[in-house]
Every structure is written in structure tokens, then in C-alpha cells.
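Just below is one structure, and these are the notes that go with it.
We name chains A, B, ... by the order of the sequence lines, and we start the count at 1 in each one.
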2 protein chains.
Amino acid sequence: MRYHRDDVVDRALVVLDAYGLADLTMRRLGGELGVQPSALYHHFPNKQSLLAAVADELLERGRRTPRPSGWDARVEAVCTELREAMLAYRDGAELVATVRAFGLGAGTPYDELVAALTDGDLDPALVPTAARTLLHYVFGHTVDEQTHLQAGSVGAIEDAPREDSDFALGLQIVVDGIRALAGAGSR
Amino acid sequence: MRYHRDDVVDRALVVLDAYGLADLTMRRLGGELGVQPSALYHHFPNKQSLLAAVADELLERGRRTPRPSGWDARVEAVCTELREAMLAYRDGAELVATVRAFGLGAGTPYDELVAALTDGDLDPALVPTAARTLLHYVFGHTVDEQTHLQAGSVGAIEDAPREDSDFALGLQIVVDGIRALAGAGSR
DNA sequence: ACCTGAACACCGTTCAAGT
DNA sequence: ACCTGAACACCGTTCAAGT
């Protein structure tokens, strides 16, 4: 059977969710598709760009488009959506963080945060730093959370609500910090 | 020649700084020591615990002990020291973040932040979240920073001061956010 | 355009055996 | 206590060749 790029990405997400990022190897993915590992190099120049495509698709699937009005509610919506998109797949947070680390893909959340903060009358010189600080929080928290959720397989149901409100609390710290900085400035 | 644990850690830091985390393999480290890779398993049960020991030693070497008084100045001192310790070795931030991700070592900065925040009269229920939020920021920013510094080999001298003040700005956001939360509470 | 088959240059880890 | 030598079960990537 013959595949193209999107089939490979789809199957990679299945393998990721079933076996985790460490087992998402070119050889294993080839095996799942009934194809030699070298065949994947027809679709992607290397594993990094395959992972970037998988991360982008994962984020795409997590999009819930209607955004609230008000810059702070919009910032919170973007961050919450990002977290939930990553939690929806096993090792999703680690995957997206890894892809971001080597400078590929996943630029959409950053751009959305920049747009929201700009609408909030934040000094333009502070916008990129504020946006990146939000992303560092979301990635850091969600990677930790997902690691621990997967570690304690049983009893995860009880921990889930505490994690939700803990995420909201840390997010509130960062957003309040941005508000403090905005207040000290032009407004 | 015969080594013990500390010799192996010392040499691992040399290899890390010279060749980077990706090339810090059991085989390469063995080679640098003039020893079979399997010999390293006499000193460490696996690579993860070797890396944890290397990360701990890296942080140990970065300690500049006198701490300022005032909870916020102390928080900033801990975060700045942590960043500088990681920047002192190639891929230092990635190493420490990786070790932290699989739940080993590097608990000292967290404990110090908890102590500082507790002294700052922050509601004890908020202290762990505030401390982890600070760490997410420091790790996220420093990993990004170190990746980009290493990418643009030339001209890094010009970028350094901008990175310093950018780190301080993001840190101010988080600290101000904590202050806002503290103000809303018991004080 | 999409894939095979074979190879290259690596990994971490185990384990019996040596000193 | 510290190390050797050999093996096991893997990796990502390249490349000539096939359809």
C-alpha cells in the first residue's frame, strides 16, 4: 500500500498515543505502516521534521476557535487550549516542547498571545517577553503534570481537579504580573 | 588507572562542556577515561543517575552563598544563580531540565524558593505553586537562551546584555504576580 | 512518486570473567 | 572494588535500485 505525508502523520499520532514518545521511532512507525523505515525519508528529510509535523497536527486538533473578548480572558483561553491540546495525547507536552526547542513549528500560540497582549495596550517592547513567559509557564507546568499523571497510573482521577486549579493559579500569577507591568507603564 | 564516582562526574562535565549533551554518551565518556563503557556501570546503575549526579555537581559549582534579606530579593538571587550556573556549561540548562523531568536530583533551588516565599508571608497554600512557576520560567527561559546563544556562534557578545535584561524582565513579571497574589491574601 | 534491501555508524545495558 | 570483552537489542540515516 502507498501513503503520503498526512497518512504518516496520522499514524505517528496513533503510535505516540499508544506507546509514547520514546517508542515513536522511525523503525517502529515504518513497521506500523508495513513499510521499511527508509521509506519515511521520502516524506520527511529527517525525524525532527516528522516530529514537527506531528506536533503541529496535534495542536491543530486541539483548536476550539471562538475566543473571548478582553485581552486577559483571551490570553487565558489560548493557554488553556494549548495545555488541553497537549494533554490529549500521551507525551504530547514533551513532544511540543521538544519541537519548539529545536526551533521548528508551533509558532501559532506565540502569535496569538502577541496579538492578545498588543490589544491589551501593553507596551510593545514588553509584549514578546510577556508572551514567552506565558509559554514557558504553560510548557513547564504541562510537561510536569503529564509526567506525573502517567507515573501514578491509578488514582489519576482524584488528582485531575487539583491539577486543573493548580494550572489556573500559576497562570493567574503570570497574568497578574503582566497586568502589574502594564499598569506601571502607559496606562 | 582506576577511578571512583567523583572522577567520572568530573570528566563527564568536561565532556559535556566540550562536546555537548548529545555527545555525552556512556561509550564516549568511557573512551575519555580510557575505560570500557561497561565499567561506568560499576559507579552508576544507569545513564540517568549519572546525568543526575552531573547536574547536581554543576549546580553545586554555581553556588554563590550569601543571600540578600527580603523575600523578593532572595527569590531573584536564587533564580539568577540558577540561570548562571546552567549557562556556565554547554547545554547546562537542557541537562538540568532533563534530569528534573525524570524526577531525580536538583531539588535544592525548589527548597530555597519555598523557604524564601514562606518568609515573605505568602499564603502557605500558594507557596508550592509560586515556587514551581518561578522554576518553569527560569528553566524555560534559560534553555531557549542557551540554544539560541549556541546557534549564533559569532555576535553572541552583542546579544548577551539584551538576554540579561530580558531574563530580569520576565522574572519581574512572575515576582510581581506573586506579590499581587500575596497582597490579595492575608496581608 | 513511493518503496525495498542492505549497509554504516552508532546507542544503552547485561553479564561472566578477570585482578 | 574496579574493570574487560563480548554480546544483545536496538537507533537514525544513506543510497543504489526497483515499480
Side-chain angles (χ1 to χ4, degrees), chain A residues 1-16 18-57 90-91 94-95 97-105 147, chain B residues 1-16 18-57 90-91 94-95 97-105 147:
Chain A
M1 207 204 270
R2 304 197 125 194
Y3 301 101
H4 25 348
R5 219 186 120 96
D6 289 0
D7 303 316
V8 176
V9 172
D10 283 359
R11 192 63 68 97
L13 274 166
V14 172
V15 173
L16 176 71
Y19 306 103
L21 186 57
D23 285 340
L24 179 51
T25 67
M26 300 301 266
R27 301 176 108 95
R28 168 134 218 171
L29 179 55
E32 292 287 325
L33 290 164
V35 127
Q36 294 290 325
S38 53
L40 301 174
Y41 290 85
H42 181 78
H43 304 285
F44 300 92
N46 49 49
K47 190 183 180 181
Q48 284 194 353
S49 55
L50 164 57
L51 290 182
V54 174
D56 282 345
E57 175 63 19
R90 161 124 82 132
D91 292 338
E94 207 189 327
L95 170 69
T98 300
V99 165
R100 226 188 64 88
F102 50 69
L104 300 171
T147 304
Chain B
M1 205 204 267
R2 307 199 123 189
Y3 302 101
H4 25 347
R5 219 187 120 97
D6 289 359
D7 303 315
V8 176
V9 171
D10 283 359
R11 191 63 69 99
L13 274 165
V14 172
V15 173
L16 175 72
Y19 305 102
L21 185 58
D23 285 341
L24 179 52
T25 66
M26 300 301 266
R27 301 177 107 94
R28 169 135 217 170
L29 179 55
E32 292 287 325
L33 290 164
V35 126
Q36 294 291 323
S38 54
L40 300 174
Y41 290 85
H42 181 77
H43 303 285
F44 300 93
N46 50 49
K47 190 183 180 181
Q48 284 195 354
S49 57
L50 164 56
L51 290 182
V54 174
D56 282 345
E57 175 63 20
R90 161 124 82 130
D91 291 339
E94 207 189 327
L95 169 69
T98 300
V99 165
R100 226 189 65 88
F102 50 69
L104 300 170
T147 304

Query raised in the report: Can you list, by residue number, the residues of residues 35-43 of chain A that have a non-hydrogen atom closer than 4.0 angstrom to DNA chain D?
Result: Ser38(A), Tyr41(A)
Requested in this report: Write down the distance between CZ (Phe44(A)) and P (dG12(D)), rounded to a whole number of angstrom.
Outcome: 14 Å
Query - DNA chain D: stems of at least 3 consecutive Watson-Crick or G-U pairs whose donor-acceptor distances fall under 3.5 Å - result: C:4-8 with D:12-16, C:12-16 with D:4-8
Query raised in the report: Which whole-number value in Å describes the distance from Met26(B) CE to dC11(D) C1'?
Result: 17 Å
Report task. Could you measure between the two C1' atoms, the one in dC11(D) and the one in dC8(C), and give it in whole Å? Result -> 12 Å
Query - Pairwise P distance for dA17(C) and dC2(D), with rounding to whole Å - result: 22 Å
Query raised in the report: Between Gln48(A) (CD) and dC11(D) (C1'), how many Å, whole number?
Result: 15 Å
Requested in this report: Check for a donor-acceptor pair, side chain of Arg90(A) on one end and backbone N or O of Ala18(A) on the other, with a separation under 3.5 Å.
Outcome: yes
Query raised in the report: Any side-chain heavy atom of Phe44(A) within less than 4.5 Å of one from Val9(A)?
Result: yes
Query raised in the report: Just wondering, do Asp91(A) and Leu16(A) contact through their side chains at under 4.5 Å, heavy atoms?
Result: yes
Requested in this report: Can you sort out the partners of Asp6(A) under salt bridge (Lys or Arg N to Asp or Glu O under 4.0 Å), two or more places apart, ordered by chain and number?
Outcome: none
Requested in this report: Return the value, rounded to whole Å, for the distance between atom CZ of Arg5(A) and atom P of dC2(C).
Outcome: 12 Å
Query raised in the report: What closest approach, in Å, do Val54(A) and Ala12(A) show between heavy atoms, and which atom pair accounts for it?
Result: CG2-CB, 3.6 Å
Query raised in the report: Separation of Asp6(B) atom CG from dA1(D) atom P, in whole Å?
Result: 17 Å
Report task. Tell me which of Leu24(B) and Arg2(B) sits closer to the 5' end of DNA chain C, going by the nucleotide each one is nearest to. Result -> Leu24(B)
Query raised in the report: Which heavy atom in Met26(B) sits nearest to a heavy atom in Leu40(B), and how many Å separate them?
Result: O-CD1, 3.2 Å
Report task. Please check if the side chain of Asn46(B) supplies one atom and the backbone of Ser49(B) the other of a donor-acceptor pair under 3.5 Å. Result -> yes
Query raised in the report: When the distance from CG of Leu29(B) to P of dC3(D) is rounded to whole Å, what number comes out?
Result: 11 Å
**Report entry** Atom-to-atom span, CZ of Arg28(B) to C1' of dG12(C) - whole angstrom
**Finding:** 17 Å
Query raised in the report: 5'-most contact on DNA chain D: Arg27(B) or His4(B), nearest heavy atom basis?
Result: His4(B)
Report task. Look at atom OH of Tyr3(B) and say whether more than 12 heavy atoms of other residues, nucleotides or ligands are closer to it than 6.0 Å. Result -> yes
Query raised in the report: Hey, are the side chains of Leu13(B) and Glu57(B) touching, using non-hydrogen atoms and a 4.5 Å cut-off?
Result: yes
Query raised in the report: Starting at CG of Asp23(B) and ending at P of dG12(C), how long is that distance when rounded to a whole Å?
Result: 10 Å
